[in-house]
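Comments concern the structure below.
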Amino acid sequence: MTHNWTHLRELESESIHILRETVAQFRNPVLLYSVGKDSSVLVHVARKAFHPGPLPFPLLHVDTGYKFKEMLEFRERFTTEIGARLIVHRNDDAIAAGAHPLKLGVARCCGQLKTAALLHALDKNQFDAAIGGARREEERSRAKERVFSLRDTFGQWDPRRQRAELWSLYSGAIHEGETMRVFPLSNWTERDIWQYIVQEKIPVVPLYYAQERLVVRRNGTLIAADDSIHLKDGEVPERMWVRYRTLGCAPCTGAIESRATTLEEIAAETGAAKISERSTRIIDHGTNTMEDKKREGYF
Amino acid sequence: MSGNVLRFTTAGNVDDGKSTLIGRLLVETQGAFEDQIEGAKRENERRGGKGIDFSLLTDGLRAEREQGITIDVAYRYFATPKRKFIIADAPGHEQYTRNLVTSASTSDVALILIDARHGMLTQSRRHAFIAHLLGIRHFIVAINKMDLVDYRREHYEEIRKDFTTFIDRLGGAAIYCVPISALKGDLVTESSTRMPWYTGPTLLELLESIEVDDQQHKLHFRFPVQLVSRPPASPGFPDFRGYMGRVVSGSIRVGDHVVVLPSRARTTVTGIVTHDGLLQEAFARQSVTLTLADDLDVGRGDMISCEPNPPQVRTEFKATLCWISEQKLHLNQRYTLRHTTKTVRAIIGEINHRLNVNTLECESPISELQTNDIGQVRIKTLQPVVCDPYSVNRQTGGFVLIDENNDTVAAGMIEEK
């Protein structure tokens with residue numbers, strides 16, 4: 001066989017197995033769709049897993065109100081095209097109260113617009129499993145994550161109480177009120193993701209491609225200077241060739257200087273990268289670490 | 001080959017330099033990024049250290065960094081032009097059985113670190129034993145800290161001899177030894193001029209070239225059904241009924257005769273469906289959907305298998321258990337047994353013996369198993385389990401036990417008789 005059995009086929013097949021186990025073991029799973037590259041891959045693999053049937057779960061997008069407009073346009077186009085059921089959930093109370101990273105600080109803003117919104121959406125729709133595109137390679141606390149990762153009745157993660165996970169046996173047993181986070185892309189790296197996007201010709205948000213964009217430099221990070229951020233005094237936007245390596249909220253996601261305008265160029269640039277992708281995410285800076293946020297219920 | 005992915009587990013004693021070795025492998029193959037390395041440096045300096053402490057790069061949880069110990073298995077990734085590597089990095093002390101068993105269960109190779117000054121210690125033997133028990137048949141022995149023994153060959157030769165003797169006692173395996181200094185970088189990813197007596201490959205070259213010869217392909221066809229696919233009519237699939245699963249061993253062709261277990265219904269494979277098109281043949285590790293000639297009662301937990309040489313259908317069997325829970329094993333208490341895609345109720349009828357991991361002797365009589373114990377038990381299940389002995393097929397011979405709190409309390413391996 002197996003001359004064409006590449007590492008990407010191996011990863012894909014493992015992910016399909018995990019997605020099918022999720023549907024088999026849970027009453028009401030949902031796929032957390034963040035519109036980014038990992039979500040694009042996850043949805044693509046999920047469609048393969050259940051072919052010739054439709055996706056057996058809806059997609060949930062937690063919309064903070066600060067997402068790039070290109071992300072929202074892409075979300076509408078892509079989900080319509082594949083005929084997926086899309087649920088968009090926002091923490092409207094916090095948004096109405098003017099939650100903004102510059103006002104609340106990044107940690108509290110994330111806590112309200114992302115973590116609280118996510119937990120509320122799971123609860124409101126009675127989802128018992130949330131499938132996400134997080135990868136172990138991304139961040140050191142994620143390196144300790146299970147494929148089936150238990151959350152208590154408050155949606156919280158306790159790294160000291162994780163279940164042992166052996167062979168390819170994933171235990172979805174939960175008590176009333178507990179939920180599971182499921183990570184089918186656990187063993188993928190950023191490089192694998194881009195190689196797979198190239199191989200499978202998966203559509204991604206145009207922000208991943210380099211072009212001239214208006215940005216400001218803020219604490220060493222290149223932030224889009226569009227209408228979604230409040231410029232601080234003295235900040236002067238400049239035009240630069242940039243692209244995004246990860247996508248989050250516009251005020252808190254940094255761009256990188258790049259001239260990569262094709263998927264192949266992006267894949268090549270990723271392969272040679274010296275800095276980790278999460279370094280462009282302001283939420284990962286500072287003392288409130290990914291581990292803290294995961295404990296609180298963040299993805 | 002599992003798609004040019006090498007999954008290996010690492011184990012070593014405290015202070016044998018495992019973090020330094022993994023840190024170096026990641027840094028020198030660009031599996032770690034500069035900002036992560038900088039972060040680890042800053043953190044080390046904050047607590048009074050100097051330079052980079054690689055363990056700060058690999059210890060992911062705050063409790064681990066604060067206490068300076070590794071609590072849980074961590075998964076690490078790197079790639080070279082030849083291969084993708086997945087490291088299941090098991091800490092060598094706290095909850096060692098739980099962590100080693102977990103990391104070994106998904107690995108094809110065990111990388112064992114031994115301090116050249118100390119030779120093979122009890123802990124090295126324990127690591128090798130558990131890896132071997134979990135079915136690993138390829139060992140790379142990295143004899144570390146050669147710089148502290150003046151790169152002398154005797155140390156290497158003695159450890160090599162001891163390790164080989166020990167593995168032979170367990171039943172044998174392929175062994176590759178390489179003398180290294182993780183700290184100085186000798187023979188990790190680069191060659192060394194300080195050990196001219198060693199003419200073999202570097203550690204990285206070994207990892208890149210080791211042939212694990214994926215056993216699962218050569219075994220008989222096994223296909224545990226995950227889900228039944230019965231989608232609404234769509235173009236090309238007006239009235240579809242298929243069985244979703246992953247081929248865990250062997251291969252299957254359209255037209256092959258198969259038997260569905262435990263019902264023993266016989267039928268023929270009429271199609272192998274994937275999103276990328278219909279296949280004529282599917283192999284171990286592929287996730288596919290099978291269609292069958294007859295309308296049978298087939299569901300999740302059933303096994304589609306080749307005929308002849310089907311798996312066994314059993315409600316009672318001997319198994320080796322690695323007990324990982326802090327709660328003791330209770331005889332005659334009900335557990336949930338999860339095996340392939342099947343979940344059944346199970347009772348442990350008796351404990352035959354406990355294995356002393358240090359002396360390799362069987363201890364009996366025994367009335368209980370505790371955390372980190374390994375023992376042989378007799379298990380009864382309320383519904384049949386379709387299985388092979390673990391020594392033949394890791395995917396159809398391994399199971400876990402789950403207690404009423406939903407905790408996974410044991411890893412089990414089904415025995416021959």
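Letters A, B, ... mirror the listed sequences (proteins, then strands); counts begin at 1.
In this view, Glu81(A) satisfies the side chain to side chain contact (heavy atoms under 4.5 Å, CB included) rule with no residue, not counting sequence neighbours.
Contact of Arg300(B) with chain A is made through the side chain alone, with heavy-atom distances under 4.5 Å. Both the backbone and the side chain of Val101(B) have a heavy atom closer than 4.5 Å to some heavy atom of chain A. Of the two parts of Phe237(B), only the side chain, counted from C-beta on, holds a non-hydrogen atom closer than 4.5 Å to a non-hydrogen atom of chain A. Heavy atoms closer than 4.5 Å to chain A are found in the side chain of Val273(B), but not in its backbone. Proximity to chain A is limited to the side chain of Gln395(B), based on heavy atoms less than 4.5 angstrom apart.
Interface check for chain B: of the options Arg161(A), His51(A), Arg20(A), Glu14(A), the most heavy-atom pairs under 4.5 Å are formed by Arg20(A). Your options are Glu200(A), Arg142(A), Arg146(A), and the one with the most heavy-atom pairs under 4.5 Å with chain B is Arg146(A). If you tally non-hydrogen atom pairs under 4.5 Å between each of Ser276(A), Ala173(A), Gly53(A) and chain B, the highest count goes to Ser276(A). When the candidates Glu145(A), Glu165(A), His175(A) are compared by the number of heavy-atom contacts under 4.5 Å with chain B, His175(A) comes out ahead.
Look at Arg253(B) and Glu281(B) and you find a salt bridge, because one of the NZ, NE, NH1 or NH2 atoms lies within 4.0 Å of a carboxylate O, short of that distance. For the pair Arg9(A) and Glu12(A), the salt-bridge criterion is met [side-chain N within less than 4.0 Å of a carboxylate O]. Ion pair Glu269(A)/Arg245(A) not flagged as a salt bridge, since none of the NZ, NE, NH1 or NH2 atoms sits closer than 4.0 Å to an Asp/Glu carboxylate oxygen.
Heavy-atom neighbours of chain B within the stretch residues 38-50 of chain A, taken at a separation under 4.5 angstrom, comprise Arg47(A), Lys48(A), Ala49(A), Phe50(A).
A donor-acceptor pair under 3.5 Å is formed between the side chain of Asp403(B) and the backbone N or O of Asn405(B).
Closest heavy-atom contact between Met180(A) and Phe148(A): SD-C, 3.7 Å.
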